[in-house]
Amino acid sequence: KAGVTQTPRYLIKTRGQQVTLSCSPISGHRSVSWYQQTPGQGLQFLFEYFSETQRNKGNFPGRFSGRQFSNSRSEMNVSTLELGDSALYLCASSLGGVVTGELFFGEGSRLTVL
Amino acid sequence: AQSVTQPDIHITVSEGASLELRCNYSYGATPYLFWYVQSPGQGLQLLLKYFSGDTLVQGIKGFEAEFKRSQSSFNLRKPSVHWSDAAEYFCAVAAPNTGNQFYFGTGTSLTVIP
């Protein structure tokens with residue numbers, strides 16, 4: 001069974017640019033969550049999508065957005081990049097429904113903003 | 001608002017010694033509680049979870065955790081640490097029945113010395 005796949009794994013952008021990250025969940029999983037991981041801050045919740053609808057949203061500015069497609073694949077977009085957006089972005093998938101704790105994480109997309 | 005505190009940023013233990021990683025949470029009721037482990041360059045893996053019932057929960061890789069309501073704590077323990085346990089450990093909480101919005105602590109980095 002394939003795991004959670006995130007692309008690209010590494011990318012470098014400059015301030016002001018925008019970036020799109022992709023996440024393919026485990027087959028059959030309908031919930032996809034995104035987290036930003038930075039040293040000293042741990043993982044911070046960005047948003048969760050379930051059946052193409054945003055179900056939960058964290059405290060990030062509107063520059064951070066996402067969407068989910070009918071096949072449960074998800075993308076997140078960050079516009080007008082800032083230096084502080086440099087981080088590891090983790091995607092996690094779950095069967096969905098109520099909280100089960102069974103979040104399956106991808107290896108992440110490491111974004112560097114210069 | 002929910003929050004998670006992991007007081008120990010870094011812990012070093014000898015192989016074969018016992019381990020306890022601390023986690024305290026802030027939440028109005030009893031949340032769902034989790035421990036995840038992140039090995040270098042990899043995504044997070046669920047070690048164990050607590051929803052209700054027996055306050056001592058067993059997980060994978062020989063780990064266990066105890067929920068103490070009076071102390072708002074969910075400490076992770078292992079009787080005998082192996083070199084392969086060296087990793088970053090994250091405690092997390094989620095509100096019941098609200099979807100997969102998890103709040104993570106900042107993590108504890110574990111070093112195991114021979």
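Order of the sequence lines fixes the chain letters, A, B, ..., with proteins taken first and strands second; residue numbering starts at 1 for each chain.
- Hydrophobic clustering of Ile, Leu, Val, Met, Phe, Trp and Tyr side chains at less than 4.5 Å, counting indirect connections, keeps A:Phe47 apart from A:Phe50.
- At a threshold of 4.5 Å between side-chain heavy atoms, the hydrophobic network of Ile, Leu, Val, Met, Phe, Trp and Tyr places A:Phe60 and A:Tyr35 in two separate groups.
- Other residues, nucleotides and ligands place no more than 12 heavy atoms under 6.0 Å from the CG atom of A:Asn59.
- Distance check: A:Leu103 CG to B:Lys49 NZ gives 10.0 Å after rounding to the nearest 0.5 Å.
- Taking CG from B:Leu46 and CD from A:Glu102, the interatomic distance works out to 5.0 Å, rounded to the nearest 0.5 Å.
- The closest side-chain heavy-atom distance from B:Leu44 to A:Leu90 is below 4.5 Å.
- If you take CG on A:Leu43 and CZ on B:Phe102, they are separated by 11.5 Å, rounding to the nearest 0.5 Å.
- Linking ILVMFWY side-chain heavy atoms closer than 4.5 Å, directly or via other members, places B:Phe63 and B:Val13 in a single hydrophobic cluster.
- Note on A:Leu46 and A:Leu88: separate hydrophobic clusters, where clusters join Ile, Leu, Val, Met, Phe, Trp and Tyr whose side-chain heavy atoms are under 4.5 Å apart, directly or indirectly.
- Annotation: side chain of B:Gln101 is not in contact with side chain of A:Lys57 (no heavy-atom distance under 4.5 Å).
- No continuous path of ILVMFWY side-chain contacts below 4.5 Å connects B:Tyr36 to B:Tyr50, so the two sit in separate hydrophobic clusters.
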Apply the test ring pair (Phe, Tyr, Trp, His ring centres under 6.0 Å) to residues A:Phe45 and B:Phe104: give CA-CA distance (whole Å), side-chain angles for both, the deciding distance (0.1 Å), then the verdict.
CA-CA 8 Å; A:Phe45 176 78; B:Phe104 284 83; 9.6 Å; no
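- When side chains are defined from C-beta on, A:Gln37 counts as touching B:Phe90, because their heavy atoms get closer than 4.5 Å.
- Scanning residues 7-23 of chain A against chain B with a 4.5 Å heavy-atom cutoff picks out A:Arg9, ordered by number.
- Closest approach of B:Asn100 and A:Ser31 over heavy atoms only: ND2-OG, 3.1 Å.
- B:Gln38 touches chain A through its side chain: at least one heavy atom from C-beta onward sits under 4.5 Å away, while N, CA, C and O do not.
- Interatomic distance, A:Phe105 CZ to B:Gln42 CD, rounded to the nearest 0.5 Å: 13.5 Å.
- Environment of CD1 in B:Ile60: crowded, with over 12 heavy atoms of neighbouring residues, nucleotides or ligands closer than 6.0 Å.
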